[in-house]
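Written below as structure tokens is the structure these notes are about.
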Amino acid sequence: QVQFVESGGGLVQAGGSLRLSCAASGITVSMYNIGWYRQAPGKQREFVAAMTTRGTTNYADSVKGRFTISRDNVKNTVYLQMNSLKPEDTAIYYCKRQLYSDHWGQGTQVTVSS
């Protein structure tokens, strides 16, 4: 069973930082491309960042320069460091293997106040 558990969300003021964690089970994260996605109220889920098996990273234009995706192979966990947060970043954040039909996890809520 493949499962991703997101954590680390919370309420922060604009300009603050959060570090999200994506703990995987059933797979080894280093063997797959892992992506972070987010969904704000009333909007569709959108791509945020991804890391490939070779360590290549990709970011949505809206978060470039502010967010950093990383991976800890020992902990089998993918992280999303979010700096300079804006109210527009408010959303539920999810992680998943790219191009795989895994079930979405519960996600973790990020709320950025102005």
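One is the number of the first residue; the rest follow in order along the sequence.
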Q: Locate the shortest heavy-atom distance separating Val29 from Ala24; write the atom from each residue and the value.
A: CG1-CB, 3.4 Å
Q. Can you get from Met82 to Val12 by hopping between Ile, Leu, Val, Met, Phe, Trp and Tyr side chains that sit under 4.5 Å apart?
A. yes
Q) Once the angle between the rings of Trp104 and Tyr94 is folded into 0 to 90°, is it parallel (under 30°), tilted (30 to 60°) or perpendicular (over 60°)? A) perpendicular
Q. If you measure from SG on Cys95 to OH on Tyr79, what distance do you get to the nearest 0.5 Å?
A. 11.5 Å
Q: Considering non-hydrogen atoms only, spot the tightest contact between Val48 and Phe67 and give its length.
A: CG1-CD2, 3.7 Å
Q | Among Leu80, Ile92, Leu20, side-chain contact (heavy atoms from CB on, under 4.5 Å) partner for Val110 | A | Leu20
Q. Quick one: are Gln1 and Ser25 in side-chain contact, heavy atoms under 4.5 Å?
A. no
Q) In Å and rounded to the nearest 0.5 Å, what is the OG to CZ distance from Ser30 to Arg54? A) 14.0 Å
Q: Verify whether one side chain among Tyr37 and Arg45 offers a donor that lies under 3.5 Å from an acceptor in the other.
A: no
**Q.** Minimum-distance pair of heavy atoms, taken over all atoms of Gly107 and Glu6
**A.** N-OE1, 3.0 Å
Q. Ignoring hydrogens and geometry, is there a side-chain-to-backbone donor-acceptor pair from Thr90 to Thr111 under 3.5 Å?
A. no
Q. Side-chain contact, heavy-atom cut-off 4.5 Å: Asn33 with Thr53?
A. yes
Q | Close side-chain approach of Pro87 and Gln13, heavy atoms under 4.5 Å | A | no
Q: Kindly compute the distance separating CD (Gln98) from CE (Met51), expressed to the nearest 0.5 Å.
A: 11.5 Å
Q) Are Asp89 and Lys86 close enough for a salt bridge, meaning some N to O gap below 4.0 Å? A) no
Q) To the nearest 0.5 Å, how far apart are CE in Met31 and CG in Asn76? A) 9.5 Å
Q.
Nearest 0.5 Å, please: how far is CG in Leu18 from OH in Tyr93?
A. 9.0 Å
**Q.** Over 12 foreign heavy atoms within 6.0 Å of CD, Gln106
**A.** no
Q: Quick one: closest heavy-atom pair of Ser17 and Asn83, and the distance?
A: OG-OD1, 2.9 Å
Q.
Using modelled atom types and a 3.5 Å cut-off, is there a donor and acceptor pairing between side-chain atoms of Tyr59 and backbone atoms of Arg66?
A. no
Q | Beyond-backbone contact of Arg38 with Glu46, side-chain heavy atoms, under 4.5 angstrom | A | yes
Q.
With heavy-atom distances below 4.5 Å as the criterion, would you say the side chains of Tyr32 and Thr52 are in contact?
A. no
Q: Rounded to the nearest 0.5 Å, what's the gap from CZ on Arg97 to CD1 on Ile27? Could you check?
A: 5.0 Å
Q: Following the transitive rule for hydrophobic clusters with a side-chain heavy-atom cut-off under 4.5 Å over Ile, Leu, Val, Met, Phe, Trp and Tyr, establish whether Val2 and Ile34 coincide in one cluster.
A: yes
